[in-house]
Amino acid sequence: MIYIFAILFFWALQVSAGEIGIKKPVLRNLPSEYSSIFHTFLVDNFENTEKFTSKKSYPYTIKPYLSSIAGSYNLCFDIYKNKDIYRIICFSSKDAQDLSQKIDNLPEKIKFLSIRKKTEKHVYLKVLTFSKRFSSILKVTSQNGDILINYTQAKEFKGEDVEHITVGNALINIDTIILNSAEASKVFDYILRGYRFKGILIIKTY
């Protein structure tokens with residue numbers, strides 16, 4: 001009996017030792033709604049991770065910093081090993097789709113991370129807008145200016161039966177679709193989880 005308890009104890013210790021605490025991200029020049037979306041995504045996207053709690057001791061802890069400058073994303077991870085700073089990894093991404101792909105490649109740089117299997121799904125973005133004019137190639141940003149979807153073919157919706165995600169309350173300024181924080185956060189979440197947009201369909205609501 002003692003032998004069995006010893007095995008269970010060491011097994012539990014090994015499981016606990018593999019846990020990675022992900023701290024709440026620090027955002028700069030981005031919609032505040034991105035924080036919880038990004039935090040949950042990091043925990044869901046990698047094996048053996050959980051949202052950090054001060055009540056536990058982790059072999060590794062990661063503190064993310066995500067910001068936007070001139071539309072691009074800058075992401076840094078402060079990595080702690082047994083509470084001491086271990087490594088800092090930073091990179092830039094031209095848009096959210098590029099950011100998603102680079103995050104998926106993190107195990108190449110952070111060996112103790114293991115990614116969960118994720119399948120890309122290609123859909124259209126259907127945009128409801130009061131704007132009357134738009135270019136044939138558009139990019140999609142939040143009100144903060146971060147580029148969610150880089151320049152993509154756009155056309156007026158003609159009833160096509162295609163897989164899509166719909167966003168509303170959009171403003172089109174020349175070649176840019178500007179989404180409010182709630183709609184931008186929805187697109188940001190979909191992109192992180194593997195959705196890719198092969199075109200934009202515009203629905204004029206006036």
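Of the charged side-chain nitrogens involved, none lies within less than 4.0 Å of a carboxylate oxygen, so that Glu163 and Lys198 do not count as a salt-bridged pair. Asp175 has no carboxylate O lying under 4.0 Å from a charged side-chain N of Lys139, or vice versa, which leaves the two without a salt bridge. For the pair Asp44 and Arg193, the salt-bridge criterion is met [side-chain N within less than 4.0 Å of a carboxylate O].
The closest side-chain donor-acceptor pair between Asn29 and Asp146, if any, does not fall under 3.5 angstrom. A side-chain donor from one of Tyr58 and Glu50 sits under 3.5 Å from a side-chain acceptor of the other. Checked by atom type, the side-chain pair Asn74/Ser92 shows a donor-acceptor distance below 3.5 Å. Side chains of Ser36 and Lys24: a donor-acceptor N/O pair is absent below 3.5 angstrom, by distance only.
Taken together through direct or relayed side-chain contacts under 4.5 Å among Ile, Leu, Val, Met, Phe, Trp and Tyr, Val26 and Ile88 form parts of separate hydrophobic clusters. Residue Ile137 is not grouped with residue Ile147 when hydrophobic side chains (ILVMFWY) are merged at heavy-atom distances under 4.5 angstrom, including chains of intermediate members. In the hydrophobic clustering of ILVMFWY residues, with side-chain heavy atoms under 4.5 Å counting as a link, Ile69 and Ile89 come out apart. Under a hydrophobic-cluster definition in which Ile, Leu, Val, Met, Phe, Trp and Tyr are linked whenever side-chain heavy atoms come within less than 4.5 Å, directly or via other members, Tyr124 and Leu128 are assigned to the same cluster. Clustering ILVMFWY residues whenever any of their side-chain heavy atoms sit less than 4.5 angstrom apart, transitively, puts Leu99 in the very cluster that holds Ile149.
For the residue pair Asp78 and Tyr65, the shortest heavy atom distance occurs at OD2-CE1, 3.3 Å. The two residues Ser72 and Lys94 have their closest heavy-atom pair at OG-CA, 4.0 Å. Listed here is the closest heavy atom pair of Ile103 and Phe46: O-CZ, 3.5 Å. For the pair Lys204 and Lys132, the tightest heavy-atom approach, listed with the atom from each and the gap, is NZ-O, 3.0 Å. Across all non-hydrogen atoms, the minimal contact from Thr129 to Ser131 is OG1-N, 2.9 Å. The two residues Ser142 and Ala184 make their nearest non-hydrogen contact at CB-CB, 3.6 Å.
When side chains are defined from C-beta on, Val162 counts as touching Leu201, because their heavy atoms get closer than 4.5 Å. Inter-residue side-chain proximity for Asn48 and Ser114 is flagged as unmet; no heavy-atom pair is nearer than 4.5 Å. Using a 4.5 Å heavy-atom threshold, the side chains of Lys56 and Glu19 count as touching. For the pair Gln101 and Arg196, the minimum side-chain heavy-atom distance is below 4.5 Å. Side-chain contact between Lys118 and Asp104 is present, with heavy atoms from C-beta onward closer than 4.5 Å. The side-chain heavy atoms of Ile79 and Ile110, taken from C-beta on, include a pair separated by under 4.5 Å.
No side-chain donor-acceptor contact under 3.5 Å links Ser100 to the backbone of Ala96. Side-chain N or O atoms of His39 include none that pairs as donor or acceptor with a backbone N or O of Ile37 at under 3.5 Å. Side chain of Thr49 to backbone of Val43: a donor-acceptor contact under 3.5 angstrom is found.
Phe188 has its ring centre less than 6.0 Å from the ring centre of Tyr34. For an aromatic pair to be called close, the ring centres must be under 6.0 Å apart, and Tyr60 with Tyr80 fails this.
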Run the numbers on Thr61 and Phe52 for side chain to side chain contact (heavy atoms under 4.5 Å, CB included), then give the verdict. CA-CA 8 Å; Thr61 304; Phe52 175 86; 3.8 Å; yes
Given side chain to side chain contact (heavy atoms under 4.5 Å, CB included), test Asn150 with Gln97 step by step and report yes or no. CA-CA 8 Å; Asn150 226 319; Gln97 296 184 131; 5.9 Å; no
Show your reasoning for whether side chain to side chain contact (heavy atoms under 4.5 Å, CB included) applies to Gln143 and Asn180. CA-CA 6 Å; Gln143 291 175 328; Asn180 63 28; 3.9 Å; yes
Trace of the side chain to side chain contact (heavy atoms under 4.5 Å, CB included) decision for Glu160 with Lys158: CA-CA 6 Å; Glu160 296 93 336; Lys158 299 293 186 180; 3.9 Å; yes
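In this structure, Phe197 places its CZ atom where more than 12 heavy-atom neighbours from other residues, nucleotides or ligands lie under 6.0 Å away. Within a 6.0 Å radius of CZ in Arg116, other residues, nucleotides and ligands contribute more than 12 heavy atoms.
Residue Ile200 holds its CD1 atom at 11.0 Å from OH of Tyr151, rounded to the nearest 0.5 Å. To the nearest 0.5 Å, the span separating CG on Leu75 from OG on Ser68 amounts to 12.0 Å. A distance of 13.5 Å separates NZ in Lys155 from CG in Leu138, rounded to the nearest 0.5 Å. Atom CG of Leu148 and atom NZ of Lys186 lie 12.5 Å apart (nearest 0.5 Å). Here the CD1 atom belonging to Ile22 is positioned 6.5 Å from the CD1 atom belonging to Ile20, to the nearest 0.5 angstrom. Separation of atoms CG (Leu30) and CZ (Arg28) is listed at 10.5 Å; rounding is to 0.5 Å.
When the options Ile202, Val140, Ile178 are evaluated for a side chain to side chain contact (heavy atoms under 4.5 Å, CB included) with Ile172, the one that passes is Ile202.
The side-chain tip of Lys109 does not point at the ring of Phe77 from less than 6.0 angstrom away and within 45° of straight on. Annotation: cation-pi pair Lys121/Tyr195 absent, no NZ/CZ under 6.0 Å from the ring centroid and within 45° of its normal.
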